[in-house]
Amino acid sequence: MSAPETYYVTTPIYYVNDSPHIGHAYTTLACDVLARFMRLDGRRVRFLTGTDEHGQKVEKAAGEAGLDPQTFTDRVSRRFRELLEVMDFSADDFIRTTEPRHVRAVQALWRKLVERDQIYLGKYAGWYSVRDESYYAESDLVEGRAPTGAPVEWVEEPSYFFRLSAWQEPLLEFYERHPDFVLPQSRYNEVVSFVRGGLTDLSVSRTTFRWGIPVPDDPDHVIYVWLDALTNYISALGYPDTGSELYRRFWPADLHVIGKDILRFHAVYWPAFLLAAGIEPPRRVFAHGWWTNEGQKISKSLGNVIDPRVLVETYGRDQTRYFLLREVPFGQDGDFRHEAMVRRINHDLANDYGNLAQRVLSMIARNCDGRVPEPGPLAAEDRALLDHAHALLPALREAIGVQALHRALELIWELIGAANRYVDAQAPWALRKSDPGRMRTVLWTLAETIRHVAVLTRPFVPAASDRLLDQLAVPETDRVFAALGAGGRPLLPGTALPHPRGVFPRWQQE
RNA sequence: GGCGGAGUAGCUCAGCGGUAGAGCAGCGGAAUCAUAAUCCGUAGGUCGGGGGUUCGAAUCCCUCCUCCGCUACCA
């Protein structure tokens, strides 16, 4: 038996300057679904998230809170770790940039770059925005501020530079050879046109603050936060020990999921650093969009920040997960609206899905002695529904392969719709008297279809899916994709089923 | 200024050379197994404006308008 395929997916590490909000939850959610899907599909998965804890902003924020940076950072980092529980995220590792394993990796990468003559000592003079962690040319400034509106300060200091300019052509070749390195497509175009526009060497060290990883052999300098942060993707695999099991198995990463605001760092700087160090770049960077709140841009000053904790408490964990993934094509911006959320909960989850299960399981409970019915010969309509169910997994693989999470859900709901139509067309409640044998065949076909749906919704709405699988008495070991399809492990007639209970309650007007 | 994308039913969007589509909302009906949940029917919208190519254009070309993203520059 050959080794299972692997899958390495990451979130960005979240900056501890901020508490977790819907944006963080959204990114990690997407990764969680992908990780769960791949695990159920038999792949060996590594799902990484964590926190980015260095930099001037953190140093300042800690000072304002009257704490030393490490204490401050411990505190905020914990909140991000707690988000995993809140949203039911299945991360395999949580990395912090203040951990020794990470510091060691960053310094090793730095040394590697120096060794390969990719870093040189120069002098930096220019405008720097602490808030953006970014430099701006004089010409970028708008009324003395960064184009983002952030305040800037004049910085003049010795600095190490990374020879980014030397990587313009290699990067362009790399993009050309990997046309799906960046998704969505429009982001790929942006990246390519940015690099075509010319790259200048990148300042990669600071002497103006201390809270960071010291430059090896020159402790006056602290390593640029992005070089520091991006390295987490390999430090979590044990870099610089490239012979380690984790590293060999999982690098290069299959996917970095990010928000669109940090695309340049991931699609330009990161592959440039890696190419310069002789390390293979990741396979894909997917940049998703932003959420607005009831049509309004989300900002702290507006006070309309969405706390994932509140969403989960208000609407439910699976409901929140479903809404975020279904409401908006993954990659586009979305609008969070209470009304839309309620519609998704009641229509998609309670009515279409939950009620399908409930009506079928109730009929089985009442008319089949609470056991999986014994089907007779299958009619064409039965086969058609089962064929649809069996064909779903390959279709989902395709959608998931390009991170079309919304499309995957759409495909599943097409089967749910077909199953509801089938119930009405077959009218098993009428068959109860006219043809009980036929009724049992219909109910078995439906139960089997629901089994497929429940297994396939596990990555998206894990808890509810499992509650449904409990009701179908599907053993833990059969709740995987290998148990689906024509050669799978169908429900066994005669199996006793627990009393049916709804898995997706309707949202009640409060 | 440059590059890219978008403007299609009330809303969100798909279609991308061959007599205008989906979901949601709305309207009418059927059914009654079920969380009053389902199913069926119903969309008369100059496909942003104008011009062109074609037997035929949301669909190709030109042009204009509006919006969005990336990027550059002037000051």
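Chain identifiers are assigned alphabetically (A, B, ...) following the order of the sequence lines, protein sequences preceding nucleic acid strands; residue numbering begins at 1 within each chain.
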> Please classify the nucleic acid contact of Gly354(A) as base, sugar-phosphate, or nothing, using heavy-atom distances under 4.0 Å.
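Base: the residue Gly354(A), judged by heavy atoms under 4.0 Å, touches a nucleobase.
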
> Angle class for the Phe265(A)/Tyr269(A) ring planes (parallel below 30°, perpendicular above 60°, tilted otherwise)?
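The arrangement is perpendicular - the two ring planes meet at more than 60°.
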
> In whole Å, what separates the P atom of A31(B) from that of U19(B)?
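Going atom to atom, P in each nucleotide, I get 37 Å.
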
> For Arg359(A) and Asn420(A), which I'm curious about, is there any donor-acceptor pair between the side chains at under 3.5 Å?
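Asn420(A) and Arg359(A) do have a side-chain donor-acceptor pair below 3.5 Å.
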
> Could you tell me the separation between the CG atom of Asn420(A) and the P atom of U35(B), rounded to a whole number of Å?
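The distance from CG of Asn420(A) to P of U35(B) comes to 14 Å, rounded to the nearest Å.
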
> Expressed in whole Å, how much space separates the C1' atoms belonging to C16(B) and C47(B)?
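Rounded to whole Å, the distance is 12 Å.
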
> Looking only at the side chain of Arg506(A) (C-beta and beyond, no hydrogens), which of the listed nucleotides G4(B), C33(B), U35(B) gets closest?
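Among G4(B), C33(B), U35(B), the one nearest the side chain of Arg506(A) is U35(B).
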
> Which base, if any, makes a Watson-Crick or G-U wobble pair with A6(B), both distances under 3.5 Å?
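The answer is U66(B), by the H-bond criterion.
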
> Do the side-chain N and O atoms of Tyr120(A) and Asp201(A) include a donor-acceptor pair separated by under 3.5 angstrom?
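Side-chain D/A pair, Tyr120(A) to Asp201(A): present.
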
> Counting any heavy atom closer than 4.0 Å, what does Val328(A) reach on the DNA or RNA strands: base, sugar-phosphate only, or nothing?
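Touches nothing.
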
> Taking the nucleotide of RNA chain B with the closest heavy atom to each, which residue, Asp348(A) or Asn351(A), is nearer the 5' end?
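This one resolves to Asp348(A).
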
> Side chain of Glu190(A), heavy atoms from C-beta onward: which of G4(B), G69(B), C33(B) has the nearest atom to it?
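Output: G69(B).
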
> Side chain of Arg359(A) only, please: which of U38(B), A25(B), C70(B) is the nearest?
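Of U38(B), A25(B), C70(B), U38(B) is nearest to the side chain of Arg359(A).
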
> Please name the nucleotide paired to G1(B) by Watson-Crick or G-U wobble geometry with both distances under 3.5 Å, or report none.
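Partner of G1(B): U71(B).
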
> Using a 4.0 Å heavy-atom cut-off, write out nucleotides 8-15 of chain B from 5' to 3' as B (base contacted by protein), S (sugar-phosphate only) or - (no contact).
--------

> Could you check whether Asn346(A) gets within reach of a base, just the sugar-phosphate, or nothing at all, counting any heavy atom under 4.0 Å?
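It contacts nothing in the nucleic acid.
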
> In whole angstrom, give me the gap between the C1' atoms of G21(B) and G29(B).
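Nearest-Å result for G21(B) against G29(B) at atom C1': 23 Å.
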
> Heavy atoms from C-beta onward define the side chain here; which of A34(B), U38(B), U35(B) lies closest to that of Phe504(A)?
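When the side chain of Phe504(A) is considered, U35(B) is the closest of A34(B), U38(B), U35(B).
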
> Just checking, any donor-acceptor pair under 3.5 angstrom between side chains of Gln403(A) and Arg284(A)?
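The answer is yes; a qualifying pair exists.
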
> Looking at Tyr175(A), Phe181(A), Phe174(A), which one forms a ring pair (Phe, Tyr, Trp, His ring centres under 6.0 Å) with His178(A)?
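When Tyr175(A), Phe181(A), Phe174(A) are each tested with His178(A), the ring pair (Phe, Tyr, Trp, His ring centres under 6.0 Å) holds only for Phe174(A).
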
> How many Å lie between CG on Asp333(A) and P on C68(B), as a whole number?
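Going from CG in Asp333(A) over to P in C68(B) covers 12 Å.
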
> Rounding to an integer number of Å, can you tell me how far Arg438(A) CZ sits from C33(B) P?
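Value for this atom pair: 19 Å.
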
> With P as the reference atom in both, quote the distance from U59(B) to G5(B) in angstrom, rounded to an integer.
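It works out to 16 Å between them.
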
> Calculate the interatomic distance between Gln358(A) atom CD and A34(B) atom C1'; express it in whole Å.
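It is 7 Å, rounded to the nearest whole Å.
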
> Under 3.5 Å, is there a donor on one side chain and an acceptor on the other for Tyr233(A) and His266(A)?
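Present: a donor and an acceptor within the cut-off.
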
> Does a donor on one side chain and an acceptor on the other come within less than 3.5 Å for Thr457(A) and Tyr353(A)?
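Yes, side-chain donor-acceptor contact under 3.5 Å.
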
> Touch check for Arg343(A), heavy atoms < 4.0 angstrom, all strands: base, sugar-phosphate only, or nothing?
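It contacts sugar-phosphate atoms only.
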
> Tell which nucleotide pairs with A58(B), taking only Watson-Crick or G-U wobble pairs whose two distances are both under 3.5 angstrom.
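Pairing partner, where one exists within any strand: none, as none qualifies.
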
> Only pairs with both distances under 3.5 Å count, Watson-Crick or wobble alike; so what is the partner of A14(B) in this structure?
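None - no nucleotide pairs with A14(B), as no candidate has both distances under 3.5 Å.
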
> For C33(B), does either OP1 or OP2 sit under 4.0 Å from a side-chain N or O belonging to Asn367(A)?
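No.
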
> Applying a 3.5 Å limit to both distances, which nucleotide forms a Watson-Crick or G-U wobble pair with U46(B)?
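None - no nucleotide pairs with U46(B), as no candidate has both distances under 3.5 Å.
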
> Can you figure out which of U32(B), C24(B), A34(B) approaches the side chain of Trp429(A) most closely?
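Nearest to the side chain of Trp429(A) among the choices is U32(B).
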
> Taking the side chain of Arg366(A) as heavy atoms from C-beta outward, which of U35(B), C33(B), U38(B) is closest to it?
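Within the option list, the nearest is C33(B).
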
> Determine whether a donor-acceptor pair (one donor, one acceptor, N or O, separation below 3.5 Å) exists between the side chain of Asn355(A) and the base of A34(B).
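Between A34(B) and Asn355(A), which were checked side chain against base, a qualifying N/O pair under 3.5 Å is present.
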
> Once you round it to whole Å, what is the distance between C1' of G23(B) and CG of Leu409(A)?
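One finds 14 Å between C1' of G23(B) and CG of Leu409(A), rounded.
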
> Just by distance, with hydrogens left out, do Arg506(A) and Asn351(A) show a side-chain donor and acceptor under 3.5 Å apart?
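Indeed, the side chains of Arg506(A) and Asn351(A) share at least one donor-acceptor pair under 3.5 Å.
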
> Measuring only the C1' atom in each nucleotide, how far is C60(B) from G2(B)? A whole number of Å is fine.
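Nearest-Å result for C60(B) against G2(B) at atom C1': 25 Å.
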
> Check this one for me: any side-chain N or O of Arg501(A) less than 4.0 Å away from OP1 or OP2 of U35(B)?
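So the side chain of Arg501(A) is outside the cut-off, no N or O lying under 4.0 Å from OP1 or OP2 of U35(B).
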
> The side chain of His347(A) lies closest to which of these nucleotides: A25(B), G69(B), U38(B)?
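Minimum distance to the His347(A) side chain belongs to A25(B).
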
> Could you tell me how the ring of Trp507(A) sits relative to the ring of Tyr315(A): parallel (under 30°), tilted (30 to 60°) or perpendicular (over 60°)?
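Geometry flag for Tyr315(A) against Trp507(A): tilted rings.
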
> Taking O4'-C1'-N9-C4 for purines and O4'-C1'-N1-C2 for pyrimidines, is A58(B) syn (within 90° of 0) or anti?
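Base orientation: syn.
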
> Let me know the distance between CE of Met363(A) and P of A31(B), rounded to the nearest Å.
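Met363(A) atom CE is separated from A31(B) atom P by 17 Å.
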
> Using Watson-Crick or G-U wobble geometry with both distances under 3.5 Å, which nucleotide pairs with C39(B)?
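Paired with C39(B), as far as the under-3.5 Å criterion goes, is G29(B).
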
> Which part of the nucleic acid, if any, lies within contact of Ser362(A), taking any heavy atom under 4.0 Å across all strands shown: a base, the sugar-phosphate backbone alone, or nothing?
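If one applies the 4.0 Å heavy-atom cut-off, Ser362(A) turns out to touch the sugar-phosphate alone, with no base involved.
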
> How far, in whole Å, is G23(B) from C40(B) if one measures between their P atoms?
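To the nearest whole Å, 10 Å.
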
> Check the distance between G5(B)'s P and Asn189(A)'s CG and give it to me in whole angstrom.
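So the CG-P distance, Asn189(A) to G5(B), works out to 7 Å.
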
> Is the phosphate of C3(B) approached by Arg196(A) (side-chain N or O, under 4.0 Å from OP1 or OP2)?
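It does not, given that no N or O in the side chain of Arg196(A) lies less than 4.0 Å from OP1 or OP2 of C3(B).
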
> If you assign Arg187(A) and Leu356(A) each to the RNA chain B nucleotide with the nearest heavy atom, which residue ends up on the more 5' nucleotide?
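Between the two, 5'-proximity favours Leu356(A).
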
> Choosing from C33(B), U35(B), U71(B), which nucleotide comes nearest the side chain of Ala350(A)?
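Nearest nucleotide to the side chain: U35(B).
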
> Whole-Å distance between C70(B) C1' and Tyr175(A) OH?
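Computing the Tyr175(A):OH to C70(B):C1' distance gives 14 Å.
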
> Using the P atom as the reference point in each nucleotide, state the distance between G10(B) and G48(B) in Å, no decimals.
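Their P atoms lie roughly 14 Å apart.
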
> For a quick check under 3.5 Å, do Tyr14(A) and Asp52(A) share a side-chain donor-acceptor pair by atom type?
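No pair is found: no donor N or O on one side chain lies under 3.5 Å from an acceptor on the other.
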
> Sticking with atom C1', work out how far A14(B) lies from U53(B), rounded to a whole angstrom.
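My reading of the C1' atoms in A14(B) and U53(B) gives 27 Å.
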
> Could you go through Glu157(A) and Lys123(A), starting from their C-alpha distance and side-chain angles, then the distance that decides it, and tell me whether this counts as salt bridge (charged side-chain N to carboxylate O under 4.0 Å, His left out)?
CA-CA 6 Å; Glu157(A) 52 176 307; Lys123(A) 185 176 169 186; over 6 Å; no

